[in-house]
Structure formats: C-alpha cells, structure tokens
**Q** 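Before anything else, here's the structure in question.
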Amino acid sequence: MMGIVVIVHELGHYLVGRFYGAAVESFSIGFGKPLYERKDRVGTRWRVNWIPLGGFVKFVGESQLAGDVGKIEQGPQGKAYKDLAVWQRALVSVAGPVANFVLASLIFALILGVHGKANYSVGVGGVVEGSPAEQGGLAVGDVFVAVNGKPVTDAQTVTIPILLNPNKEMTFDVLRNGEAMSFKVTPNEVVRENEFGQMVPQSTAGIMLAGVALGERTRYNPVEALGAGVVETGATIDRTVTMLSRIVTGKMSFNAMTGPVGIGDISRRVVNKVWSQPELTTGQRVEQLFWMLLSICAAISVGVGFFNLLPLPVLDGGHLVFHAYEAVMGKELPEKVQEMSLTFGLILLLGMVVVITWGDIIETGLFGGVGG
C-alpha cells in the first residue's frame with residue numbers, strides 16, 4: 001500500500017514537471033543503490049532501490065539536498081528546473097500532495113459507491129466504573145444526538161472526536177428516555193489496545209457503544225460518490241490537522257503518529273484478523289480484506305500528502321516556502337541559506353523518522369515489548 005501511495009505522489013510531481021518541459025534526472029522508488037534501473041529515450045533514469053521506504057523525483061538542477069545546490073546534471077532532455085517560472089515550480093511542488101488527495105478521494109468514492117453509507121442511531125451500551133463518562137453523567141441507554149455540536153450518524157462520529165480530544169472537555173447531547181439532555185465529559189489518555197491489537201496511547205471516555213436503530217443506508221450514484229469521496233478526504237485532512245495541532249501543543253502523545261513500521265504492522269494485523277474468521281468463505285475473506293486494505297490505503301495517502309506539505313525544507317512544503325520567497329523578493333534564497341536550510345531540514349526529518357519508528361517498534365512488540 002505504501003508503495004502505491006509513494007508512486008502516485010511522485011507521479012504527480014513528474015507529470016506536472018514534464019508538462020512544463022522540465023528535464024527529469026531520475027524517478028526513484030525507495031532509497032539507496034538500485035535493484036533495477038532503466039534509462040528512457042529522454043535520459044530519465046527509472047529506478048527501484050533496495051531500501052523500500054519512500055521515493056523521489058529528481059529534476060535537473062533541482063536542490064533537494066544541500067549537495068544539490070548550484071548543480072546542473074547533464075544528459076536528460078528538457079529545461080533545467082530553475083528555468084521554469086516560479087509559479088510553475090510551485091505547481092510541481094504541490095502536485096505530489098494533490099495527487100495523494102485525488103487518490104484518496106477516488107478510493108473513498110469507490111468504497112461509498114459500492115457500499116453506500118450506513119446510518120444508525122448510537123447509544124451507550126456500557127459505562128466503565130470511575131471513567132470520565134460516568135463522572136460526566138452519561139448512563140447506559142443514552143442515545144447520542146450530537147458530539148461537540150456535530151450530529152451523530154454512526155459510531156465513528158462518536159469515537160473519532162473522543163480520540164482527537166484527550167484531556168479536553170467535550171459536550172455530548174443525548175436523549176434519555178425521550179428527553180434531551182447535555183453532558184460535559186473530559187476524556188483521558190491511557191495506553192490501551194486499539195482496534196488493530198496494538199498497545200498505543202489513546203483518548204478514552206470509558207463508554208461502550210451500541211447500535212440503537214438502523215436507518216436507511218445512503219446510496220450514491222457515481223457523481224455523488226465522487227463528491228462524497230472528496231468530502232471524506234477533506235474530513236480526513238481536518239482530523240489530521242487537529243491531531244497534529246494536539247501533538248505540537250502537547251495535548252496528545254507523539255506516539256499517535258505512525259510510520260512505515262507501524263503501517264506494516266497494522267496491515268499484518270488486519271490480514272490476520274480477517275483470515276481468523278472461520279465462519280467466512282475464502283472468497284468472503286478476500287473481499288473483506290480488499291476493502292479494509294483499500295480504506296487504509298486512502299488514509300495513508302491523505303497522511304502522506306499532508307505530511308509533505310509541512311514547511312520543512314526537504315519536503316514539498318519547504319520548497320513552497322522557497323518559491324514564495326522568490327516570488328515576493330524577485331530572487332532565489334542565497335545558496336548558503338538554501339544549503340543550511342536543507343541540512344537542518346534533513347536532520348530534523350531523520351530525527352522524526354527515528355522517533356516515530358522507535359515508537360512503532362515498541363507498539364508492535366518486535367523486541368518483546370508491550371505490543372499486542
């Protein structure tokens with residue numbers, strides 16, 4: 001799944017760059033030495049490298065790392081990257097994340113077009129003794145109407161806001177015996193098993209949900225499904241922004257972020273979970289696994305697209321900052337500033353990767369830790 005997301009991301013950069021005539025030195029999946037390499041008729045090297053994490057497109061004359069500043073590669077046909085107009089380079093930079101958002105929208109549209117959207121009332125099936133929910137006044141039998149002012153149409157519209165608001169007061173509007181009531185509950189963050197079996201820090205209110213009344217499933221025609229897919233992608237981006245802001249301000253654990261190791265572990269657990277259902281035929285298991293992995297792929301695509309828009313110099317967002325400076329000032333950043341920025345950005349990015357990966361390793365229990 002990660003490979004699909006990376007290829008789509010890099011294709012976004014590549015296609016827009018080639019549309020404006022930019023020469024491409026290499027299109028690489030993974031890092032390190034190539035396992036496979038082929039040069040096309042315009043001189044671009046197409047590579048599959050031995051470290052299967054991420055990938056990149058290198059345009060001729062593009063400064064991706066400090067050592068690239070001021071260099072112009074020879075061979076590939078087309079314009080040097082710096083010969084493109086600044087707005088064209090900005091479009092090339094943003095094209096990768098946009099491609100990820102388009103992929104996510106198409107996947108969500110496919111899922112919604114085939115399955116529709118379930119609508120059902122959600123109630124409180126159980127309350128943990130001493131939990132924030134009990135302290136806030138929620139009780140078994142309450143039927144959720146809204147959470148933080150947003151209508152409840154399924155279980156996710158209750159659970160996701162709770163997960164995104166650790167140690168922050170929330171408002172739950174419910175019906176109790178037909179009477180409208182409102183309660184204030186402040187979820188707390190605890191280390192517990194998530195839906196994939198990993199032990200992770202999660203926000204919890206201490207309630208068990210129960211379906212109360214099943215409503216009519218919403219069905220979409222192809223155009224409506226595409227629109228709903230775009231809306232779902234927007235909602236996923238919004239949740240990502242909320243989570244990141246909580247992490248930056250210290251209101252949510254940094255371990256909430258997941259890297260390639262964690263994604264691989266989630267995929268493995270999903271496969272094991274689906275395949276351990278003896279009541280299903282092999283065909284039913286394969287179908288269920290397909291749709292589950294597809295939805296995970298959509299979420300990963302949104303995450304990769306958003307992460308690359310962060311204003312770190314080695315990421316697309318950082319290059320957009322460079323382009324904005326050039327557009328306003330009428331000249332590029334001094335080469336020394338570019339080199340220092342790219343070096344600092346690379347160090348910061350590698351530090352984030354190490355921390356996130358270590359957290360993933362602990363959560364997955366690869367070294368006999370607490371992972372599920």
Side-chain angles (χ1 to χ4, degrees), residues 2-100 260 304-305 307-323 325-326 332-333 335-350 353:
M2 196 69 180
I4 295 172
V5 170
V6 169
I7 290 172
V8 168
H9 179 95
E10 300 306 334
L11 275 175
H13 292 308
Y14 174 83
L15 292 174
V16 174
R18 289 298 296 154
F19 179 79
Y20 290 118
V24 182
E25 192 278 327
S26 61
F27 186 110
S28 299
I29 302 301
F31 296 95
K33 294 183 178 180
L35 292 173
Y36 168 82
E37 180 173 331
R38 182 182 69 84
K39 183 176 289 189
D40 65 18
R41 58 185 178 81
V42 295
T44 299
R45 294 187 300 153
W46 295 81
R47 307 169 60 188
V48 177
N49 300 326
W50 73 279
I51 303 177
L53 299 174
F56 62 92
V57 172
K58 177 67 172 68
F59 292 98
V60 170
E62 181 189 15
S63 299
Q64 291 188 342
L65 300 173
D68 299 330
V69 177
K71 290 185 178 180
I72 303 291
E73 296 86 357
Q74 301 299 318
Q77 299 176 22
K79 301 177 185 176
Y81 191 65
K82 291 184 179 180
D83 291 339
L84 299 183
V86 65
W87 64 268
Q88 292 174 332
R89 279 177 275 144
L91 288 178
V92 172
S93 294
V94 80
V98 169
N100 286 133
V304 168
F307 181 79
N308 274 276
L309 286 175
L310 296 178
L312 289 177
V314 290
L315 298 179
D316 299 326
H319 289 289
L320 286 172
V321 173
F322 287 177
H323 300 327
Y325 174 90
E326 183 178 349
E332 289 187 349
L333 275 170
E335 289 189 355
K336 285 294 183 184
V337 175
Q338 291 186 51
E339 290 175 357
M340 291 176 60
S341 299
L342 290 168
T343 300
F344 171 76
L346 180 61
I347 293 172
L348 183 58
L349 180 63
L350 289 176
V353 169

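In this chain, numbering begins with 1 at the start of the sequence shown. Below, each value reflects all heavy atoms present in this structure, side chains not excepted, and no hydrogens, waters or symmetry copies.
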**Q** Between Val5 and Asn100, what is the shortest heavy-atom contact and its length?
**A** O-ND2, 3.2 Å

**Q** Would you name the heavy atoms of Val6 and Gly55 that are closest together and state the gap between them?
**A** CG1-N, 3.7 Å

**Q** Counting only heavy atoms not in Trp50, do more than 12 fall under 6.0 Å of its CH2?
**A** no

**Q** Are Phe322 and Ser341 close enough, and set up right, to give a side chain to side chain contact (heavy atoms under 4.5 Å, CB included), and what steps lead you there?
**A** CA-CA 10 Å; Phe322 287 177; Ser341 299; 3.9 Å; yes

**Q** Donor-acceptor pair, distance only, cut-off 3.5 Å: does the side chain of Gln64 make one with the backbone of Phe59?
**A** no

**Q** For the atom pair CZ (Arg45) and OG (Ser26), what is the distance rounded to the nearest 0.5 Å?
**A** 5.0 Å

**Q** In Å, rounded to the nearest 0.5 Å, how long is the span from CG of Leu91 to CG of Leu320?
**A** 9.5 Å

**Q** Grab the two heavy atoms, one from Pro97 and one from Asn308, that are nearest each other, plus how far apart they are.
**A** CG-CB, 4.2 Å

**Q** Would you mind reporting whether Phe307 and Leu349 have side-chain heavy atoms less than 4.5 Å apart?
**A** yes

**Q** If you round to the nearest 0.5 Å, how far is CG of Asp40 from CD of Gln77?
**A** 8.5 Å

**Q** Just how far is it from atom NZ of Lys39 to atom OG1 of Thr44, taken to the nearest 0.5 Å?
**A** 9.0 Å

**Q** Working to the nearest 0.5 Å, report the span between CD of Glu332 and CD of Gln338.
**A** 5.5 Å

**Q** Testing the basics here: between Gly32 and Arg47, what is the closest heavy-atom pair and its distance to 0.1 Å?
**A** O-NH2, 3.4 Å

**Q** Set out, in order, the CA-CA distance, both residues' side-chain angles and the distance that settles side chain to side chain contact (heavy atoms under 4.5 Å, CB included) for Val92 and Phe19, then state yes or no.
**A** CA-CA 10 Å; Val92 172; Phe19 179 79; over 6 Å; no

**Q** Assess, by modelled atom type and distance only, whether the side chains of His9 and His13 contain a donor and an acceptor separated by less than 3.5 Å.
**A** yes

**Q** Please round to the nearest 0.5 Å and tell me the distance separating atom CD of Glu73 and atom CD of Glu62.
**A** 9.0 Å

